[in-house]
2 protein chains.
Amino acid sequence: MLMNSPDASDSTGFPAGEVARMLDRLARLVLRLNTPGELSLTTASTLATLDRSGPCRLTDLAARQGVTQPAMTQLVSRLQESGLAERAADPQDRRVVLVRITAAGRAALAERRRARGERLAVLLTELDEAERAALTAALPAIDALTRLLPDDAPASPGVPVPEPSRH
Amino acid sequence: MLMNSPDASDSTGFPAGEVARMLDRLARLVLRLNTPGELSLTTASTLATLDRSGPCRLTDLAARQGVTQPAMTQLVSRLQESGLAERAADPQDRRVVLVRITAAGRAALAERRRARGERLAVLLTELDEAERAALTAALPAIDALTRLLPDDAPASPGVPVPEPSRH
DNA sequence: CAACTTATATCACCTCGTTATGTATCTGTC
DNA sequence: GACAGATACATAACGAGGTGATATAAGTTG
């Protein structure tokens, strides 16, 4: 089932079609790992960015998550209503909104990670040792892969995203 | 950055929390790989199931995708409107709706796979050889992992899902 | 100061998911 | 063989999360 694809390899001699299909299935598994009431993927990802990189302009946040600015305005409003983040003013530029994670936000993020780690751990016990090892070995590659999308850089502290003029 | 997690291992000596976080980021990448107008993840996954396993009851389809029956009714209606699938009657039981992929559905699925494979291939060229190898090596494990969720079995032909009484 | 440009908000709209409920059809029992 | 309950699907009302188009306020620049 891994061998009969018509697109067995590209210029790099790599079965990109096969990988893409597998990643689709994996993404569905990740989505199905959500329990009702739990923070959604986008919500958690946004909170994680705020946790890692500190306060962030709303527009930058939107770019990093790969969503439009109106979508981020809404998301931030929901986060604010539930007390997980807050809006702050930028004294340098009164147009901007700096979004900041709250203590409750950090707690919610930690709890989500705990719960999902636990749920995933249960699934992982169903795999054999070699499969788990293969997954572990792939983590750095996955990490590298997820850093490739524009504006998704985890932003090392001190380098506040050099915004490369997107208009 | 892979070593400082507080949940470094569970009973299997495996950093499930770290893996869960990585999978979250990977899932967001997969979602961002979608271009506007393209088939969504659930839509594509449902069509893929129909393509693999042949006509299927609406309720079974819902269980396999891990969504509720009303959600599947809606999805099938959208698929039918766009001509990618169709409803058929079951002569044995006039309550059931058998959902069947159409030729157009197969074509749309193939086109989506082609386009996404291409997009992913571009990203993969940014990885080094060792990273690509690690990803390839992890594919069987990912395949095994995605088969673990209830009702998600790809249903080998001839065994029409023995529906294990879910009420 | 007028004219852009930029940052955010707001609006109308779509998709995709949920619960709760309705309707038609089967099934088992008296 | 009719009635009670279970089952398969549809419908309705809603929320979250996304889109593009557009308004508003605040910097920036000639």
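Lettering of chains follows the sequences in order, A, B, ..., and the numbering in each one begins at 1. The structure presented is a predicted model; accordingly, all values stated were derived computationally and were not measured.
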Open item on the list: Just the rounded figure in Å: distance from P of C:dT15 to CD of A:Gln74.
Closed with: 17 Å
TODO: Calculate the interatomic distance between A:Met72 atom CE and D:dT19 atom C1'; express it in whole Å.
DONE: 14 Å
Open item on the list: Please check: side-chain N/O of A:Arg112 versus main-chain N/O of A:Glu38, any donor-acceptor pairing under 3.5 Å?
Closed with: no
Open item on the list: Judged by each residue's nearest nucleotide on DNA chain D, which is more toward the 5′ side, A:Leu41 or B:Pro36?
Closed with: A:Leu41
Task: Out of D:dG17, D:dT7, C:dT10, whichever nucleotide has its closest atom nearest the side chain of B:Arg95 - done: D:dT7
Open item on the list: When you measure from the side chain of A:Arg28 to the backbone of B:Gln65, do you find a donor-acceptor pair of N or O atoms at a distance under 3.5 Å?
Closed with: yes
- [ ] Would you mind classifying the nucleic acid contact of A:Thr43 as base, sugar-phosphate or nothing, using non-hydrogen atoms under 4.0 angstrom?
- [x] sugar-phosphate
- [ ] Quick one: label B:Ser77 by what it contacts on the DNA or RNA (base, sugar-phosphate, nothing), any heavy atom closer than 4.0 Å.
- [x] nothing
Task: First encountered from the 5' end of DNA chain C, between A:Leu98 and B:Leu39 - done: A:Leu98
Open item on the list: I need the CG-P distance between B:Asp93 and C:dT23, as an integer number of Å.
Closed with: 20 Å
Open item on the list: Please tell me if A:Ser40 has a side-chain N or O lying less than 4.0 Å from either OP1 or OP2 of D:dG17.
Closed with: yes
Open item on the list: Salt bridge or not between A:Arg78 and A:Glu81? Use side-chain N to carboxylate O under 4.0 Å.
Closed with: no
TODO: Could you tell me whether the side chain of B:Arg94 has a donor or acceptor atom within less than 3.5 Å of a complementary atom in the base of C:dT25?
DONE: no
Task: Salt-bridge present (A:Arg25, B:Asp143; N to O < 4.0 Å) - done: yes
- [ ] May I ask you to verify if any side-chain N or O of B:Thr68 is less than 4.0 angstrom from the OP1 or OP2 atom of C:dG17?
- [x] no
TODO: For the side chain of A:Arg28, starting at C-beta, report the closest nucleotide among C:dG17, D:dC9, C:dC26.
DONE: C:dG17
Task: SB check B:Asp24 A:Arg113 (cutoff 4.0 Å) - done: no
Open item on the list: Nearest to the side chain of A:Thr42, heavy atoms from C-beta on, is which of C:dG17, D:dG18, D:dA25?
Closed with: D:dG18
Open item on the list: Rounded to whole Å, please give me the gap between CG in B:Asp60 and C1' in D:dC9.
Closed with: 12 Å
Open item on the list: Quick check on C:dA7: is either OP1 or OP2 less than 4.0 Å from any side-chain nitrogen or oxygen of A:Arg57?
Closed with: yes
Task: Contact under 4.0 Å: B:Thr59 side-chain N or O vs D:dC9 OP1/OP2 - done: yes
- [ ] Please state how far atom CZ in A:Arg32 lies from atom C1' in C:dT18, giving the value in whole angstrom units.
- [x] 16 Å
Task: Among D:dC9, C:dT18, C:dT8, the one nearest A:Gln69 by side-chain distance - done: C:dT8
Open item on the list: Let me spell it out: for each of B:Gln92 and A:Val97, pick the nucleotide of DNA chain C with the closest heavy atom. Which residue's pick is nearer the 5' end?
Closed with: A:Val97
Task: Distance in angstrom units between B:Asn34 CG and C:dC16 P, rounded - done: 10 Å
Open item on the list: Rounded to whole Å, how long is the line connecting atom CG of B:Leu75 with atom P of C:dC14?
Closed with: 18 Å
Open item on the list: Among D:dC9, D:dA10, D:dG18, which nucleotide has an atom closest to any side-chain atom of B:Val96?
Closed with: D:dC9
TODO: Please report, rounded to the nearest Å, how far the P atom of C:dT15 is from the CD atom of B:Glu38.
DONE: 15 Å
TODO: Look at A:Asp60 together with A:Arg64 and state whether they make a salt bridge at an N to O cut-off of under 4.0 Å.
DONE: no
Task: B:Pro70 side-chain proximity, nearest of D:dA12, D:dC9, C:dA9 - done: D:dA12
TODO: Look at the side-chain N and O atoms of A:Arg87 and state whether any lies under 4.0 Å from the OP1 or OP2 oxygen of C:dA9.
DONE: yes
TODO: Could you work out which one of C:dC26, D:dA26, C:dT18 sits closest to the side chain of B:Val67?
DONE: C:dT18
